[in-house]
Amino acid sequence: ENIFAPVIRGATMRTAIALLGTDPRKMYITSCDISNAFLNATPKEKVFIRWPPGFPTVDVKNVYRLLRSLYGLCQSPKEWYECLRDWLREKRYNQSKADPCLWTKKGPDGSLRLILVYVDDMLILADDKTIAAEVKEMFRGQFNMTEVEDADKVIGVEIFRVKGGICLGQPTYAKTLMEKADLWIENENRKYPINPISESWTHDERSGYLDRKEKDFYVSFLMSIAWMSQQTRPDLCASASILARYLGKPTKSDLAALKRLLLYVRGSWNDVLYYQDSRKGELIHEESALHIRDKPPGDICSYVDADWANDADRVSRSGVVILARGAPIVWMSKKQSMVATSSTEAEYYAAAASVAEVAGVRSVLVDLGMEQKTPTRIYEDNKSCIAIAYKPMHHGRTKHFDIKAHFLRDRIEKEEVEIKYCPTSEMIADMLTKSLPGPQHQRLKRLANIRPLSSFEIVKLNP
């Protein structure tokens, strides 16, 4: 009955690549694929099969018990994961408590080895090529596998080493998507939208519902964009989340919004997340001014915002972005679970959600050998929310707040996080809550280091 098999979280993969791949030592990034992985696991349940008709066998009346897991059985992924888990433990690898598919090991000389598991695909990060070869040799001694020397692509995400840092993106996937939508025309001098959804757009049932063909188009392309928004394109996250609410009965107005979104993707098809070299300074906010300062290794910060009651059901939307090396590693755009009675309450719930995400990232950083010694800075543009987080004031107006949100205060008291003011014009999380004017959307993209790949000089992934 228990058939769940975990896979590496995209946030964990981005965190490891952003913080270790941009380090001056430039960790070696490679991968391998286990061939016929499920056949290495032994079923715990008794599973019997019959030979298919026409298959030569001694006795067609017999049934046969499986001694190995097969592809197609619902429990096979879990049994393969447990097989790999037990073997890695024998090899003295440590399993992350924050992500069960992250495995780490330090050598006697302090060298670091990371294995990120996605079913039968292994992304390997090591201090140098020799150590990476040792890890592969370890796998080769136990499993049949195919190797990729330079892991320039993993689970659909492309990795680019550039001068001054490393980039993650999906330009090939975006180009394929545009060709499928008949929007890819080489050297076209067409102007494309600079924000995903028009500010004036609303879901309008009077515009009429889509027919079968139109609905299939809507669902297919929206889900493709949603996949991109979860992997490397936080600027698409709010738009995909908003339009996905109408998957059941999309209207003509929703289809028009999707087509505009596709045009936006066409115009920004080669945008990537740029994680800059750890030796470079990063932007921080002090009161209402932007400054640049050097950040210690592994330092992260978060931006949080909420769009209060800007929907028909009056439920607010939270936006959270966590940055490392100047670009997002974690982001979310999600409707809150309750109706907030004020903008301060909505911001407070969003800040609590941000703290939960920060706690998860801080746990991963411990596994990467980058334990945070200082509080993680969370930027918020609502001063009332900041005041309530630091002391229980305005009790008459806050007594109805959900009690689970108050763990924000607990984390502040433990000095794991600190909340600082950031003006709305610099609030990166604002683009994850609603549609913004084109210039402001582009400004926040630049602050989040979402840039065209063509603006970088690409170098060899593993120099």
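Count residues from 1 along the sequence. Hydrogens, waters and symmetry mates are skipped; everything else that's a heavy atom, side chains included, is used.
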Ring center gap for F456 and Y274 short of 6.0 angstrom: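 Yes, the ring centres sit under 6.0 Å apart.
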
D381 vs T424, side-chain hydrogen bond (donor to acceptor under 3.5 Å, both in side chains): CA-CA, chis, key distance, verdict: CA-CA 6 Å; D381 63 357; T424 302; 3.2 Å; yes

Which heavy atom of [X] sits nearest a heavy atom of [Y], and at what distance?
| X | Y | value |
| --- | --- | --- |
| L408 | A389 | CD2-CB, 3.9 Å |
| D204 | S207 | O-OG, 2.6 Å |
| I450 | P234 | CD1-CG, 3.7 Å |
| S35 | N40 | O-ND2, 4.3 Å |
| A226 | A240 | CA-CB, 4.0 Å |
| R362 | T374 | NH1-O, 3.3 Å |

Mind checking whether [X] and [Y] have side chains closer than 4.5 Å, heavy atoms only?
| X | Y | result |
| --- | --- | --- |
| W331 | C237 | yes |
| Y264 | L236 | yes |
| M431 | K445 | yes |
| M13 | V157 | yes |
| T12 | C101 | no |
| I131 | Y28 | no |
| V304 | I419 | no |
| I8 | L123 | no |

Please enumerate all residues that pass salt bridge (charged side-chain N to carboxylate O under 4.0 Å, His left out) together with [X], with sequence neighbours excluded.
| X | value |
| --- | --- |
| K460 | D150 |
| E457 | K163 |
| R85 | none |
| E134 | R113 |

With sequence neighbours excluded, residues passing ring-ring contact (aromatic ring centres under 6.0 Å, His included) with W201: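 By the ring-ring contact (aromatic ring centres under 6.0 Å, His included) rule, W201 matches no residue at all.
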
Side chains of [Y] and [X]: any donor to acceptor distance under 3.5 Å?
| X | Y | result |
| --- | --- | --- |
| S241 | S333 | no |
| T104 | D367 | no |
| E158 | T172 | yes |
| R260 | S198 | no |

I'd like to know if the side chain of [X] and the backbone of [Y] have a donor-acceptor N/O pair within less than 3.5 Å.
| X | Y | result |
| --- | --- | --- |
| E416 | A359 | no |
| S435 | I197 | yes |
| S363 | A98 | no |
| N36 | L39 | no |
| Q440 | S425 | yes |
| D305 | T433 | no |
| Q442 | I194 | yes |
| Q276 | G165 | no |

If you round to the nearest 0.5 Å, how far is [atom2] of [Y] from [atom1] of [X]?
| X | Y | atom1 | atom2 | value |
| --- | --- | --- | --- | --- |
| D121 | D33 | CG | CG | 4.5 Å |
| M427 | Y379 | CE | OH | 10.0 Å |
| D299 | T376 | CG | OG1 | 7.0 Å |
| L453 | N270 | CG | CG | 6.0 Å |
| L447 | R443 | CG | CZ | 5.5 Å |
| D307 | S318 | CG | OG | 10.0 Å |

Aromatic ring pairing W87/F143, orientation class (parallel under 30°, perpendicular over 60°, tilted between): perpendicular

Candidates I329, N449, I428 - the one meeting side chain to side chain contact (heavy atoms under 4.5 Å, CB included) with L323: I428

Side chain to side chain donor-acceptor pair (under 3.5 Å) contacts in which one or both residues fall within residues 211-229, not counting sequence neighbours: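 Side chain to side chain donor-acceptor pair (under 3.5 Å) check on residues 211-229 returns E214-K252.
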
Verdict with reasoning, W80 to Y71, per ring-ring contact (aromatic ring centres under 6.0 Å, His included): CA-CA 11 Å; W80 155 244; Y71 284 80; 9.6 Å; no

Trace of the side-chain contact (heavy atoms from CB on, under 4.5 Å) decision for Q231 with R233: CA-CA 6 Å; Q231 299 302 313; R233 295 292 299 272; over 6 Å; no

Flag if over 12 foreign heavy atoms under 6.0 Å of NZ, K335: yes

Residue pair Y348, E380: steps toward the side-chain contact (heavy atoms from CB on, under 4.5 Å) verdict: CA-CA 10 Å; Y348 194 77; E380 167 64 59; over 6 Å; no

Residues M332, L432; criterion side-chain contact (heavy atoms from CB on, under 4.5 Å); working and verdict: CA-CA 7 Å; M332 59 170 281; L432 282 92; 5.7 Å; no

Audit row: V135, T30, side-chain contact (heavy atoms from CB on, under 4.5 Å) steps and yes/no: CA-CA 10 Å; V135 176; T30 184; over 6 Å; no

